[in-house]
Novice: 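Sharing a structure, written as structure tokens. Questions coming.
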Number of protein chains: 2
Amino acid sequence: MSQSTVSIVLAGKAEGRVKPETRQAVHEAARRLGYRPNLAARNLRLGRTRTVLLVVPTLTGPVFGAIYTGAAEVAAARGFGVVLHPWPDDAGPARSQVDTQAIEGVLASSIVGGVTDFGDLPVVLMDSDPAAPAPTINFDVAGGMRAIAAHLAELGHRRIGHLAASVDAWTFRVRGDALADAFPGSVVRQATAIDVAAARQAALELLDRSDRPSALVCDDDLIAAGAYKAARALNLGIPGDLSVTGFDDVLLATALEPELTTVRLPAEQLGATAMTALLELLDGRRPADTSLAGQLVVRASTAPPP
Amino acid sequence: MSQSTVSIVLAGKAEGRVKPETRQAVHEAARRLGYRPNLAARNLRLGRTRTVLLVVPTLTGPVFGAIYTGAAEVAAARGFGVVLHPWPDDAGPARSQVDTQAIEGVLASSIVGGVTDFGDLPVVLMDSDPAAPAPTINFDVAGGMRAIAAHLAELGHRRIGHLAASVDAWTFRVRGDALADAFPGSVVRQATAIDVAAARQAALELLDRSDRPSALVCDDDLIAAGAYKAARALNLGIPGDLSVTGFDDVLLATALEPELTTVRLPAEQLGATAMTALLELLDGRRPADTSLAGQLVVRASTAPPP
DNA sequence: GAATCCTCGTCATACGTATTACTGAATCCT
DNA sequence: AGGATTCAGTAATACGTATGACGAGGATTC
């Protein structure tokens with residue numbers, strides 16, 4: 001029994017080249033001896049590694065964990081490894097420290113500005129500007145905002161305050177547009193960082209106006225928590241005096257009182273879809289840009305205006 | 001110029017074997033041509049991969065992201081790659097799907113029951129039972145609980161309710177003991193899942209007693225959020241009528257109203273320390289079990305009893 | 001002055017696989 | 001019957017590195 005035969009059989013290329021009973025014998029022996037083809041030798045011979053890089057932002061919100069999980073599961077199912085690479089927010093487009101030859105492709109999440117300088121490696125972006133020169137798998141933020149707008153419109157709201165996360169120029173614009181389309185001329189916007197204290201301050205400014213909005217639309221659940229604090233400071237009841245909505249549906253949403261009306265994002269599915277797209281790209285196919293719909297979750301923080 | 005010489009120089013083993021000016025020439029040429037030793041060939045020759053596995057629980061709290069970040073940074077600095085492996089909570093001690101020969105060691109976080117069946121691979125555990133047969137890097141939960149107990153004792157509390165996370169036998173015992181030592185005979189304990197709704201229910205049971213505790217010690221910030229809800233349902237003011245403490249200091253802690261007194265855990269440092277320990281283990285040294293102290297953060301949810 | 005040692009490199013080999021080219025036997029076609 | 005074709009498997013090779021064995025020339029020692 002020659003080494004070549006074993007290699008052919010175990011690679012599944014035995015069709016018409018190796019007699020079925022011999023195939024059986026090979027598999028049998030391999031199982032009995034616990035033999036597994038040496039990975040390093042195979043990589044050397046084939047010039048492949050079946051490994052992709054996962055670039056992760058340092059800011060570790062609860063959404064990212066879910067994204068990694070989804071991505072890693074798909075990769076494992078296809079026999080790929082996933083190498084982690086933390087990417088500090090302030091880092092420029094510096095190349096990865098991880099040796100690029102150890103990697104076949106890159107899956108990057110929330111890279112601000114859509115930086116894509118990974119040499120010639122195939123890249124798929126998650127949660128990034130779709131104008132970037134790489135396939136992009138995104139949450140459908142516009143659709144989510146439209147769902148929120150429709151919900152508030154149905155309740156009878158007319159004056160909307162928008163607490164906008166200003167970290168990302170692309171979503172800043174998309175979210176603003178979606179809201180402005182639904183409530184033309186009656187949206188006041190205030191930019192804020194994704195941070196409870198900053199959001200509280202921003203919300204106070206919106207609520208201090210003479211034409212106080214009856215609902216605050218927040219780009220993130222954390223921002224909504226800041227809005228809650230502002231409302232309490234002004235002695236405004238939620239949802240009696242003021243409706244508030246969030247975005248993401250992280251655990252915080254149900255921990256708040258009253259529980260937050262928000263949009264649930266399919267984070268794990270985003271990771272899985274993006275990894276699938278990357279593996280397609282490695283196969284030479286061209287994956288389609290995809291937008292994953294969130295789901296409006298109506299809880300107790302929205303009601304008709306006073 | 002032979003290939004051997006280049007290999008020797010670039011491996012840094014040129015001391016006394018290669019003349020300095022030749023060394024210079026090699027480095028110069030390598031830089032000019034952008035030459036990097038082929039990783040697959042090196043792995044094949046040396047039988048090493050400089051890659052470790054990071055086993056991550058599916059439940060993706062905000063703490064885990066920080067742990068991964070710390071671990072991956074240390075690994076990158078030492079030239080190691082980190083392969084992600086999600087580990088569903090309900091999975092038994094099944095072996096990793098990732099080919100064990102692709103990996104030199106395993107860093108596992110929060111493995112329930114301290115399962116360590118990764119064949120002969122070196123393992124370091126994070127946030128697990130220190131009785132497990134592997135080096136363990138832990139948060140000092142006992143110390144954190146003692147800090148909370150001291151704080152509450154100083155405020156004058158005598159009757160303590162303990163909302164205990166029941167997911168892990170080891171911490172369940174350690175936390176209970178630390179609290180019982182500080183308040184002998186005056187702690188009532190109620191087990192709960194780490195879940196807002198479950199915690200609310202458990203808190204209600206504690207607060208319904210004739211000898212109602214004046215402070216609720218919660219094993220997790222999320223549980224504390226449940227306690228907040230129970231207090232509101234019973235019309236108890238925090239911290240006027242009831243003091244509440246959490247654990248972890250996740251973002252939620254400052255989003256709640258009033259802001260939560262809790263213990264901040266050095267999650268990123270945990271990941272970094274554990275990775276350092278694993279790399280030591282790979283070097284043949286025996287890392288010391290380590291316990292990382294948290295820091296009591298006093299906010300607005302604790303006050304003297306009524 | 002010969003024997004020994006040191007310096008600076010080079011040669012040759014092995015790691016374990018995938019694949020191309022090949023071979024011997026059996027079967028088929030006319 | 002004899003050449004062509006198919007079947008089933010083997011031999012040989014290349015991937016690129018690290019390293020132990022080897023060697024040539026010069027310096028040192030007694």
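Residue numbers start from 1 in every chain, and the chains themselves are labelled A, B, ... in the order their sequence lines are given, proteins ahead of strands.
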Novice: Between D:dA8 atom C1' and A:Ile8 atom CD1, what is the distance in whole Å?
Specialist: 10 Å
Novice: I'd like a table of donor-acceptor pairs (distance under 3.5 Å, sequence neighbours excluded) in which one partner is a side-chain atom from residues 14-23 of chain A, with atom names and distances.
Specialist:
from	atom 1	to	atom 2	distance (Å)
A:Arg23	NE	A:Val18	O	3.2
A:Arg23	NH2	A:Val18	O	3.1

Novice: For the helix from C:dG1-D:dC30 to C:dT30-D:dA1, figure out the bend between the end axes, five pairs an end, and round to 10 degrees.
Specialist: 50°
Novice: Hey, is the side chain of A:Ser4 pairing donor to acceptor with the base of C:dT17 inside 3.5 Å?
Specialist: no
Novice: Looking at residues at least two apart in the chain, or sitting in another chain, which of them share a salt bridge (charged side-chain N to carboxylate O under 4.0 Å, His left out) with B:Arg264?
Specialist: B:Asp249
Novice: For the atom pair CE (A:Met126) and CZ (A:Phe139), what is the distance rounded to the nearest 0.5 Å?
Specialist: 9.0 Å
Novice: Quick one: side-chain hydrogen bond (donor to acceptor under 3.5 Å, both in side chains) partners of B:Arg31, sequence neighbours excluded?
Specialist: B:Glu28
Novice: In chain order, what residues pass the side-chain hydrogen bond (donor to acceptor under 3.5 Å, both in side chains) check against A:Arg48, with sequence neighbours excluded?
Specialist: A:Glu104
Novice: Quick one: side-chain hydrogen bond (donor to acceptor under 3.5 Å, both in side chains) partners of B:Thr273, sequence neighbours excluded?
Specialist: none
Novice: Would you be so kind as to tabulate the donor-acceptor pairs closer than 3.5 Å made by side chains of residues 279-294 of chain A, with sequence neighbours excluded?
Specialist:
from	atom 1	to	atom 2	distance (Å)
A:Asp283	OD2	A:Arg285	NH2	3.3
A:Asp289	OD1	A:Thr136	N	3.2
A:Thr290	OG1	A:Ala288	O	3.0

Novice: Could you check how far CZ of A:Arg48 sits from C1' of C:dT19, rounded to whole Å?
Specialist: 16 Å
Novice: Less than 4.5 Å apart, any side-chain heavy atom of B:Leu270 and any of B:Leu265?
Specialist: no
Novice: I'd like to check the side-chain hydrogen bond (donor to acceptor under 3.5 Å, both in side chains) partners of B:Asp221; sequence neighbours left out, ordered by chain and number.
Specialist: B:Thr262
Novice: Mind listing the residues from residues 9-25 of chain B sitting with a heavy atom below 4.0 Å of DNA chain D? Number order is fine.
Specialist: B:Lys13, B:Arg17
Novice: Please round to the nearest 0.5 Å and tell me the distance separating atom CZ of A:Phe247 and atom CG of A:Asp220.
Specialist: 9.5 Å
Novice: Ignoring hydrogens and geometry beyond distance, is a side-chain donor-acceptor pair present between B:Ser2 and B:Thr5 at under 3.5 Å?
Specialist: yes
Novice: Please tabulate, one pair per line, each protein N/O and nucleotide N/O from nucleotides 15-17 of chain D that are separated by under 3.5 Å, including the distance.
Specialist:
from	atom 1	to	atom 2	distance (Å)
D:dT17	OP1	B:Tyr35	OH	2.5
D:dT17	OP1	B:Asn38	N	2.9
D:dT17	OP2	B:Tyr35	OH	3.4

Novice: In chain order, what residues pass the side chain to side chain contact (heavy atoms under 4.5 Å, CB included) check against B:Ala272, with sequence neighbours excluded?
Specialist: B:Val74
Novice: Would you confirm whether B:Asp127, through its side chain, and B:Ser109, through its main-chain N or O, come within 3.5 Å as a donor-acceptor pair?
Specialist: no
Novice: Between N or O atoms, less than 3.5 Å apart, protein on one side and nucleotides 24-26 of chain C on the other: list the pairs.
Specialist:
none

